[in-house]
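See below for the structure under consideration.
The sequence lines fix the lettering, A, B, ..., with proteins before strands; numbering per chain opens at 1.
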Amino acid sequence: MKKRLFCLGLLLLLICSFLGVTAYAAADEEQVRLAYVTDVTGSISESQRDSLSQLAGQISEQYSCGVYIVVVDNYEEYNSEGIEECAEGIYRFYDLGWGDQRDGVMLIMSMNQREYDIAAYGDFGNAAFTDYGKDYLAQSFLDDFRRNDWYSGFQDYLNTAASMLSSARQGEPVDIVWEEREPEGPGPVAKLIMALLPSSVAAFFITNGDKRKMKTAVSKRTAEDYVVPGGINLYLHEDRFLHRSRHVEVIQNRPRDSGGSHHGGGTTVHSSGFSHHSGKF
Amino acid sequence: MPSQITNYQCPRCTGPLHYAGSSGMVECDYCGSSFTVQEIEALYADKIEQAEQTGVAAAQQQTADAEADYDADWDCDSAGSEWGADAAGMKQYSCPSCGAELICDATTAATSCPYCGNPTVVPAQFHGGLKPDYILPFKLSKEQAVQALTKYYKGKKLLPKTFADSNHIEEIKGVYVPFWLFNGEADVEMNFAATRVYTSRRGNQRITETDHFDLLRGGRVSFSRIPVDASTKMPDSHMDAIEPFDYTDLKPFSTAYLPGFLADIYDVPPQSCASRADERATNTAKHIVENTVSGYSTCTPTSARVRLRRGRVDYALMPVWMLSTRWNGKSFLFAMNGQSGKLIGDLPVSTGRYWARFAGIAAPIAAALAALMFFL
């Protein structure tokens, strides 16, 4: 996989050099670096890529958090385990991100499968792009992608990411608590009913339990007390396997290591240090 | 594999035969007769066929006998016996109100009916029905029965106050209640549909695999002396509820256990209450077999075949303290196992106390919940 990723980097570097693209994630000459916007599928024109790369670079620098776009034909060529694992592999291999924590967010798109993943990394990256925030970010570009309007989608992604980073820097990351108002509680009558109903049910069961104790003359339908000691001879015991049934349930954004749930507020960070939001476009 | 060894004997002298390789004949060592192999085979084929037919018939008879053991009626012939000379020392009473027929020894006088409380029981000609096979003597006294009833009232939150306060036991009688004791076996075979569920996770998939099984369990359960009360005057539910009886104290019947107590004469023949014994044996055998299934996530019985090998029925008298009381014009009958002290009986429920208790439980819970919802 590393070889493929390295080849991808070299290929991109060559393309970028040839085309005179200078916007790179970092200027470290000792290592192959990935541009802010990398498109190996030719979905956007060179000028569009330049424009997007410039914008992504500005945003990354302004908020000290890398914002990346990677477009590939088939993510399985890089990592067959899944698009999330592919995103993590690219992010790590090219040492993407900003600062010591390597804060950043990356949108990876796999055109053959029409799948995307938003991967956030680093303390600030994960804090700025909460579970709800990543969903919010996805909603900004999915309409465009469904119309195959890639450039507009990327623009919307970058602009929305910038807005979210701005909010996060001000201490108010886009999250469900910030975004949605708490629903109004039940009215006084409903509260009264909610108080009376369970208490009545509890009282009913307890008093009927007492009532049952008043009637002790009950017929017996079994005779365990009269089984002869040692009088049980179990002579048949066969367990016949018939078949196996299998049910597969897809878990959407299931938290791996931390608490919290989708849209429940906060960010679900995996043990890898990444948080994700993926889906189809 | 051969099931038997055939020793060929001479058809003329019954001496042992042997095959002579030189002549190719089967020859008798004693009389010198010789036979062809075919002759001997034909002769013994007939004999073997006859023997096999006899054997098959015997085996079939044996199987038929064994099969006949199943689902046959209970053996009631040996239940009870004639009173004989014991009848001389016995008295009989009948209750004109409920029809109860009671016996006691000559030294005991019946003053009232233990079932309906009728104070006029009439002496009658002793016939006594059958003499019981066994008797379980009283272990507990009348005083202990009264104490047990007082204790029984305690802690009954729905009992009307006036019932406990003004309750006077009208009648307390030690009665030997007639029971049929059923001995037998139950053969049960049951099928179950069972599953084992395994859950694993692969990537973002939760995989649930369910293994389905057909289970077959079978066994034989032996029962000894399932008691079924043989008196129509005694409610079945009362007698069932005071069980179990410990048969280690069971004695061969003797009139020596009767002084001071009344004994009821059975008025339900064993054939009439056998269905209750069948039901109890069947249900118990099924429960026992069902409980042998373990290690599965789910288990549902799909079929059950129970065959009863009904055995001997015994006739016995069991000790019961009967306490009757009246309240608000209604009779309340309590029964205490005269051996174990287990006391049962239905008590009246105070409507006022019922709703007071309901409110007493519901109100604080509702108040606490309301406080949580309104002020937090």
Evaluation steps, side chain to side chain contact (heavy atoms under 4.5 Å, CB included), between B/Arg357 and A/Ile206:
CA-CA 9 Å; B/Arg357 179 149 173 77; A/Ile206 294 170; 3.6 Å; yes

Heavy-atom distance under 4.5 Å to chain B: side chain of A/Pro198, backbone, both or neither?
side chain

Assert top hit (heavy-atom pairs under 4.5 Å, partner chain A, pool B/Tyr152, B/Phe192, B/Trp355) equals B/Tyr152

Which of the residues A/Arg221, A/Glu224, A/Lys215 is involved in the greatest number of heavy-atom pairs with chain B at under 4.5 angstrom?
A/Arg221

Measuring heavy-atom distances to chain B, does A/Asp239 have an atom under 4.5 Å in its side chain, in its backbone, in both, or in neither?
both

Minimum heavy-atom separation for A/Phe241 to B/Phe213, with atom names?
CA-CD2, 3.6 Å

For chain B, which of A/Pro188, A/Gly82, A/Gly230 has the most heavy-atom pairs under 4.5 Å?
A/Pro188

Decide if atom OH of B/Tyr198 counts as having more than 12 heavy atoms of other residues, nucleotides or ligands within a radius under 6.0 Å.
yes

About how many Å separate NZ of A/Lys211 and CZ of B/Phe358, when rounded to the nearest 0.5 Å?
12.0 Å

Is there side-chain contact between A/Arg246 and B/Ile207, with heavy atoms separated by less than 4.5 Å?
yes

When you look at A/Tyr235 and B/Asp187, which way does the side chain to side chain contact (heavy atoms under 4.5 Å, CB included) test go after all the steps?
CA-CA 10 Å; A/Tyr235 52 77; B/Asp187 273 27; 3.5 Å; yes

Of the non-hydrogen atoms in A/Thr216 and B/Gly345, which two are nearest, and what is the gap between them?
OG1-N, 2.9 Å

I'd like to know which of B/Glu185, B/Arg225, B/His287, B/Glu243 tops the heavy-atom pair count under 4.5 Å against chain A.
B/Glu243

If you compare all heavy atoms of A/Ile232 against all heavy atoms of B/Val221, which two are closest, and at what distance to 0.1 Å?
CG1-CG1, 4.4 Å

Between A/Val228 and B/Phe223, does the side chain to side chain contact (heavy atoms under 4.5 Å, CB included) criterion hold? Intermediate values first, please.
CA-CA 5 Å; A/Val228 176; B/Phe223 296 94; 5.6 Å; no

I need the residue from A/Glu81, A/Lys213, A/Met194 with the largest number of non-hydrogen atom pairs under 4.5 Å to chain B.
A/Met194

Honestly, the part of B/Leu158 sitting under 4.5 Å from a heavy atom of chain A is both

Count the heavy-atom pairs under 4.5 Å between each of A/Thr207, A/Val248, A/Asn208 and chain B, then report the option with the highest count.
A/Thr207

Please round to the nearest 0.5 Å and tell me the distance separating atom CG of B/Leu347 and atom CE of A/Met214.
4.5 Å

Using a 4.5 angstrom heavy-atom cutoff, name the option from B/Gly360, B/Ala368, B/Pro227 with the most pairs to chain A.
B/Pro227

Sidechain-backbone polar pair: B/Thr284 side chain, A/Ala223 backbone, donor-acceptor under 3.5 Å
yes

What one should report as the nearest heavy-atom pair of B/Ala362 and A/Ser199 is O-CB, 3.3 Å

Side chain to side chain donor-acceptor pair (under 3.5 Å) assessment of A/Tyr226 paired with B/Asn183:
CA-CA 9 Å; A/Tyr226 306 103; B/Asn183 301 276; over 6 Å; no

Between A/Asp225 (side chain) and B/Phe245 (backbone), is there a donor-acceptor pair under 3.5 Å?
no

Could you go through B/Glu189 and A/Leu236, starting from their C-alpha distance and side-chain angles, then the distance that decides it, and tell me whether this counts as side chain to side chain contact (heavy atoms under 4.5 Å, CB included)?
CA-CA 8 Å; B/Glu189 284 182 27; A/Leu236 261 179; 3.6 Å; yes

Does any heavy atom of chain A fall under 4.5 Å from the side chain of B/Pro364, the backbone, both, or neither of them?
neither

For B/Leu159, is it the side chain, the backbone, both or neither that has a heavy atom under 4.5 Å from a heavy atom of chain A?
both

Looking at chain A, which one of B/Ile226, B/Leu372, B/Ile288, B/Thr210 has the largest number of heavy-atom pairs inside 4.5 Å, strictly under?
B/Thr210

Nearest heavy-atom approach of B/Ser237 to A/Ala217 is CB-O, 3.5 Å

Under a 3.5 Å cutoff, is there a donor and acceptor pairing between the side chains of B/His212 and A/Ser245?
yes

Gap between atom CG of B/Asn191 and atom CZ of A/Arg240 - 0.5 Å precision
8.5 Å

As an exercise, state the distance from NE2 of A/His243 to CG of B/Asp214, rounded to the nearest 0.5 Å.
11.5 Å

Greater than 12 external heavy atoms within 6.0 Å of B/Lys330's NZ
no

Quick check on B/Arg220 against chain A: is it the side chain, the backbone, both or neither that has a heavy atom closer than 4.5 Å?
both

Approximate separation, where rounding is to 0.5 Å, of A/Leu242 CG and B/Leu215 CG:
8.5 Å

If you count heavy-atom pairs under 4.5 Å between each of B/Lys156, B/Met373, B/Arg217, B/Arg276 and chain A, which one has the most?
B/Arg217

Based on non-hydrogen pairs under 4.5 Å, which of B/Thr199, B/Asp211, B/Asp236 is most in contact with chain A?
B/Asp211

Got a donor-acceptor contact below 3.5 angstrom from the A/Thr222 side chain to the B/Arg280 backbone?
no

From CG (B/Leu216) to CD (A/Glu238), nearest 0.5 Å
5.0 Å

Testing the basics here: between A/Asp210 and B/Lys157, what is the closest heavy-atom pair and its distance to 0.1 Å?
OD2-CD, 4.3 Å

